[in-house]
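Okay, so here's the structure we're looking at.
Letters go in sequence order (proteins before strands), and every chain restarts at 1. Model, not experiment: these values are computed from the prediction.
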2 protein chains.
Amino acid sequence: MEITVGVTGMTCEHCVNAVKEELMKVEDVQNVEVELREGLPSPVIITSSRELAPLEIESAVDEAGYVVV
Amino acid sequence: MEITVGVTGMTCEHCVNAVKEELMKVEDVQNVEVELREGLPSPVIITSSRELAPLEIESAVDEAGYVVV
């Protein structure tokens with residue numbers, strides 16, 4: 001299944017990779033795509049084999065240093 | 001001795017760290033400080049025990065994915 005969340009604070013591909021890396025560590029996450037929008041929340045599309053709890057996503061994004069909105 | 005160059009394209013601390021890392025690999029470089037200015041060239045202050053060739057600095061910054069102006 002697929003869920004899209006908005007993440008603020010990413011400004012470059014380094015930021016994108018940091019968020020992707022942390023989200024890919026969440027169990028059963030299969031793919032993460034980011035559409036970087038500087039100065040705006042960027043859509044982050046997460047594909048997983050089970051429904052993810054919002055806290056799992058928020059924690060991973062927080063670990064990378066960014067915020068789910 | 002100390003030299004300050006302007007570097008464009010850095011938007012966040014990941015970028016700053018990438019530039020610092022590459023410049024610290026240049027022989028005889030002792031310290032690198034970056035004053036991040038988004039959307040403008042950012043001053044990069046390089047301290048070294050010898051005079052650095054411009055090409056050494058440009059190559060290291062290029063290696064990190066940014067440009068000396």
Quiz item: Are V34(A) and L52(A) joined in one hydrophobic group, where the rule is that I, L, V, M, F, W and Y side chains link up if heavy atoms are under 4.5 Å apart?
Solution: yes

Self-check item: M24(A) reachable from V5(A) in the ILVMFWY side-chain graph, under 4.5 Å edges
Solution: yes

Using only distance (under 3.5 Å, no hydrogens or angles), which donor-acceptor pairs connect chain B and chain A?
unit_1: T11(A); atom_1: OG1; unit_2: T11(B); atom_2: OG1; d: 3.0
unit_1: H14(A); atom_1: ND1; unit_2: Y66(B); atom_2: OH; d: 3.4
unit_1: Y66(A); atom_1: OH; unit_2: H14(B); atom_2: ND1; d: 3.4

Exercise. Starting from V69(A), walk the hydrophobic network (Ile, Leu, Val, Met, Phe, Trp, Tyr; side-chain heavy atoms closer than 4.5 Å) and list everyone else you reach, by chain and number.
Key: none

Exercise. Answer yes if L23(A) and I3(A) sit in the same cluster of Ile, Leu, Val, Met, Phe, Trp and Tyr residues linked by side chain heavy atoms under 4.5 Å apart, and no otherwise.
Key: yes

Quiz item: Any chain of hydrophobic side-chain contacts (each under 4.5 Å) joining L36(A) to M10(B)?
Solution: no

